[in-house]
Structure formats: structure tokens, C-alpha cells
Amino acid sequence: MQPIQDSFGRHHNYLRISLTDACNFRCFYCMPNEDVSCTPNAQLMQPDEILMIAKQFVSMGVDKIRLTGGEPLVRKEAREIIDELSKLPVELCLTSNGALIHLFQDCLLQSSIRSINISLDTLEEDKFQVLTKRTHFKQVLDNIEWLLENDFSVKVNAVLIKGMNDNEINDFIELTRYKKLHIRFIEFMPFTDNSWQDDRLVSQQQILNTAQEKYDVIKLQDEQNATAKKYKAVGCEGTFAIISTMTNPFCDSCNRIRLTADGKIKNCLFSKTETDLLAALRGNLNIEPFIRASIKSKKEKLGGQLFDNFSTEDFEKLENRSMISIGG
Ligand code: SAM
Ligand code: SF4
């Protein structure tokens, strides 16, 4: 079968499936300020529907699937979904806030998942509470330890926000000295009502400058289609990387397709339009043409909504979901 290609010749083989738009954390940069209501279960893709859709994508050349959310592990059928997707011939990965991993130890060990991204924006307990409005700091650290002890590849995602956690860049890198951890600093991105301001962005260059003040930093070879630019501080076991969506976007090599928990394809993190795959599936239609049409209509860069000189854009006019209902 033909691979999934857009009109710029980009080949899409990586599917990110959101299992839910609910979350047990309240990270301010990820969700609107006011109370958020989550989608009722009946409107979410059900486990059998997720499997059918995933199989269709696999038949079209998708060979990597990441489960995300909201928090994927709060979905009540998370175990069943992980079990079923583990049978597919794909690299299966998970992005989680890490708070519930201890309840999924058996499930994860039995699954095909070998690589897990854990979001952790601070190494200070008080600040963790401010950022997430939750108190699970120690549990998240313990769960990261357990994952490392059980040979999972662990990437720690930290969204950097000026005045909040940019003073911790080198503390995060120091974590990699004796642990085979991979830290990924993420530039703060604008979404609906998420308090984004350009002066709160910590840029790729600022992150590198800070790292170089303390460490000899070497550039590592990046993986194909990688969004993260990888580095190593000399003498450290682990690595660090920078995801520079804002100051140095990587749209040229984008291979990602996003599926929201209510079954809509987003062909870009910043796309305005969505394609309702779940409605097509429930209407007994062949979903293949919907997938192809969605990716064909993908814009060249940043959903056609943002431009390289991001600081001059009017972010109030961005038409998008908030990150919690896209899945990152
Ligand atoms: N709950 C899981 C977690 O936190 O890892 C998965 C979903 S979360 C939406 C996926 C990723 O998006 C996380 O690494 C989070 O830090 C990132 N994220 C959320 N809002 C963001 C923003 N405004 N800018 C940059 N990254 C963001
Ligand atoms: Fe929840 Fe993850 Fe968003 Fe934080 S970043 S609110 S943990 S979905």
C-alpha cells in the first residue's frame, strides 16, 4: 500500500494517539485557566475502535505509535489498550506525567513498550506543586527510578518557562551524570488560554548558553525525523536535548500524525482544521481516504498559523485546541 504522504513529499509513519483529554495534573501551560470539562467516555474512541484505526494506519506504513493524553494512564481502559496495541508490529511508546506508573508496572513489563517519556518540569518539590497543582513529586521521582531499574529508556520532558524553572537547566543536566536519563528541554508553546507570552519563552540558544557555562557540551547525531536536537555534557552518562518548536521549527522533516481522544486527525500540532475519523469509522465508511486527504492538506509549516518571526504574531487569534486535548 502507498505510504502516507503530504503534498510536500513528507512521509508520515508516526502516529500519536491521545487516549483521553482528562488529566490528574493541572499544568497551567497545558490547559485553559478556567475549569476544563473532559469529553464523555461515549464520545471517545473505544478500545476496539482504537485498535481498528491503529491497524489501518499500520497497513499504510505507520511503524511507530505513541500513547499520550491528557494523562493516558487515567483512561480506565488503558491496560486493555496497551495490551492490544502491543501486538501490532510497531515501536510502541508512552508519554506520561509519571504519577501512576507504579500502578501499571505489570502492564508495562508485559507490553511492547520500551521507551517512556515522563514530563517533569522541576526538581523542586514546592515548585512542582505550583506547576502541576498536585503533590505527586516524590512518586514521580520513584517511578522514574523504577523505570530505569527495569531497563526502560526514559526521557524526561521539561517545558522551560522564564522566571519559573529556567534556573534549573543545569540541575536537570546534572541528573544525567550518573543516570542513563535523557533530558529534553521543550520551548514553551502558545495554545488557547495557556498564559503564553514571548518573554516567557526560553529559547534553544539560551538553553545551550546556560549549559555551556557549566559543561563542555558536545553535539550528538540526531535520529531521523527527530524533533529534539541531542547533546551530551562531557563526563555524563545520559544526554540532553532541545525541542525548539518556536525558535527553530522542524517542519521540513515532520512525520507525525496526531489522533485526538475523540477520534479527530490533526495533521499538525498547530492545525486549525481536523478530520473526524471516528465519525467515519462509526458510519461504516472506509477510513483510508479520510487519512490520505487529511495528510494531503497539511500545511508546509506550523499549521499555516505561525511564522518564523513568532514574536510579531497575534497569538490571541490562534485557532487550536489546548495541548491537553491534543496530546503534545
Ligand atoms: N500527561 C502527559 C504528560 O504530561 O507527559 C501527556 C500529555 S502532555 C500534553 C504531552 C507533553 O506536552 C508534555 O511533555 C507536556 O510538557 C507538553 N506540553 C504541554 N503544554 C505545552 C506547552 N504549552 N508548550 C510546550 N509543551 C507543552
Ligand atoms: Fe496533564 Fe500532561 Fe497537560 Fe500536565 S502536561 S496537565 S500532566 S496532560
Side-chain angles (χ1 to χ4, degrees), residues 16-36 38-39 65-75 78 93-101 104 113 115-122 127-137 139-140 143-144 147 154-162 164-166 172 182-198 200-204 207 227-228 241-250 256 258-261 266 269-270 302 306 310 315 318 320-328:
R16 301 171 64 98
I17 305 178
S18 170
L19 298 189
T20 176
D21 56 2
C23 188
N24 49 347
F25 282 17
R26 290 287 175 273
C27 310
F28 74 87
Y29 54 75
C30 177
M31 54 171 60
N33 288 327
E34 69 271 17
D35 266 354
V36 277
C38 45
T39 308
I65 294 181
R66 176 173 300 281
L67 302 180
T68 177
E71 172 50 39
L73 300 184
V74 304
R75 175 79 192 250
C93 310
L94 175 73
T95 298
S96 166
N97 61 30
L100 299 175
I101 295 282
F104 282 81
I113 297 174
S115 169
I116 302 194
N117 291 1
I118 302 289
S119 301
L120 177 67
D121 304 313
T122 178
K127 209 188 280 182
F128 180 91
Q129 206 163 331
V130 173
L131 274 159
T132 65
K133 303 196 180 71
R134 294 296 182 267
T135 56
H136 302 80
F137 181 68
Q139 186 68 66
V140 173
N143 285 341
I144 291 175
L147 288 170
V154 183
K155 295 181 183 139
V156 169
N157 286 348
V159 177
L160 289 177
I161 297 168
K162 198 162 282 172
M164 176 72 82
N165 57 357
D166 54 328
F172 272 106
H182 306 289
I183 307 292
R184 300 176 350 140
F185 298 113
I186 305 179
E187 287 182 350
F188 182 23
M189 294 182 266
F191 292 93
T192 308
D193 295 332
N194 79 339
S195 313
W196 193 89
Q197 288 169 317
D198 58 1
R200 303 194 82 186
L201 176 80
V202 185
S203 70
Q204 173 179 27
I207 299 166
T227 54
I242 305 174
I243 302 183
S244 58
T245 319
M246 299 303 293
T247 66
N248 189 12
F250 26 76
R256 295 163 175 231
R258 294 177 166 83
L259 190 60
T260 63
K266 276 185 77 74
L269 195 49
F270 296 105
L302 299 171
L306 290 166
F310 62 92
F315 290 99
L318 261 186
N320 204 354
R321 295 173 177 238
S322 47
M323 188 64 133
I324 193 165
S325 71
I326 303 174

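Atoms within each ligand, like the ligands themselves, are counted from 1 in listed order.
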Closest to atom 1 (N) of ligand 1 by heavy-atom distance, out of Ser119, Gly70, Cys27, Gly69, is Gly70
Is there a polar contact, in the sense of an N or O pair closer than 3.5 Å, between Met189 and ligand 1?
yes
Can you report which non-hydrogen protein atom sits closest to atom 12 (O) of ligand 1, along with the distance?
Met323 CE, 3.7 Å
Nearest heavy-atom contact between Cys38 and Asp21 is CB-OD1, 3.2 Å
Below 4.5 Å, heavy atoms only, C-beta onward: do Phe270 and Met189 meet side chain to side chain?
yes
If we ignore hydrogens and angles and just use 3.5 Å, is the side chain of Arg75 paired with the main-chain N or O of Leu19 as donor and acceptor?
yes
Give the contacting part of Phe25 toward ligand 1: side chain, backbone, both or neither, where contact means a heavy-atom distance below 4.0 Å.
neither
shortest atom 16 (O) of ligand 1-to-protein heavy-atom contact is with Val159 CG2, 3.2 Å
Examine distances only and state if a side-chain atom of Glu187 and a backbone atom of Thr247 form a donor-acceptor pair shorter than 3.5 Å.
yes
What atoms of ligand 1 come within less than 4.0 Å of a heavy atom belonging to Phe188?
23 (N), 24 (N)
min-distance protein heavy atom vs atom 21 (C) of ligand 1 -> Tyr29 CD1, 3.5 Å
Under 3.5 Å, is there a donor-acceptor pair between the side chain of Trp196 and the main chain of Phe191?
no
Nearest-0.5 Å distance that lies between atom CG in Asp121 and atom CZ in Phe128:
8.5 Å
Work out whether the distance between some heavy atom of Gly70 and some atom of ligand 2 is less than 4.0 Å.
yes
Start with the C-alpha distance between Glu71 and Ser96, add both sets of side-chain angles, then the distance that settles side-chain hydrogen bond (donor to acceptor under 3.5 Å, both in side chains), and finish with yes or no.
CA-CA 6 Å; Glu71 172 50 39; Ser96 166; 2.9 Å; yes
Find all atoms of ligand 1 within a distance of less than 4.0 Å from any non-hydrogen atom belonging to Asn157, and give their numbers and elements.
14 (O)
Structural part of Ser96 in contact with ligand 1, heavy atom criterion under 4.0 angstrom
backbone
Heavy-atom contacts with Cys30 under 4.0 Å: which atoms of ligand 1 show up? List them by number with element.
9 (C), 19 (C), 20 (N)
Using atom types as modelled and distance alone, determine if a side-chain donor or acceptor of Arg66 lies under 3.5 Å from a backbone N or O of Leu94.
yes
Report the nearest protein non-hydrogen atom to atom 2 (Fe) of ligand 2: residue, atom name, distance rounded to 0.1 Å.
Cys23 SG, 4.5 Å
Which protein non-hydrogen atom lies closest to atom 10 (C) of ligand 1, naming both residue and atom, and how far is it?
Gly327 O, 3.7 Å
shortest atom 5 (S) of ligand 2-to-protein heavy-atom contact is with Cys30 SG, 3.7 Å
So does Thr68 get a backbone contact from the side chain of Arg16, meaning a donor-acceptor N/O pair under 3.5 Å?
no
Any chance the side chains of Asn165 and Thr122 put a donor and an acceptor closer than 3.5 Å?
no
Which residue and non-hydrogen atom of the protein lie closest to atom 4 (Fe) of ligand 2, and at what distance in Å?
Cys27 SG, 2.3 Å
Of all the atoms in ligand 1, which lie at a distance below 4.0 Å from a heavy atom belonging to Ile186?
25 (C), 26 (N)
Atoms in ligand 1 with a heavy atom of Thr68 nearer than 4.0 Å
6 (C), 7 (C)
Using distance alone, determine whether Asp121 and ligand 1 share an N or O pair under 3.5 Å.
no
Taking the side chain as every heavy atom from C-beta outward, state whether Ile242 and Asn248 have any pair of such atoms under 4.5 Å apart.
no
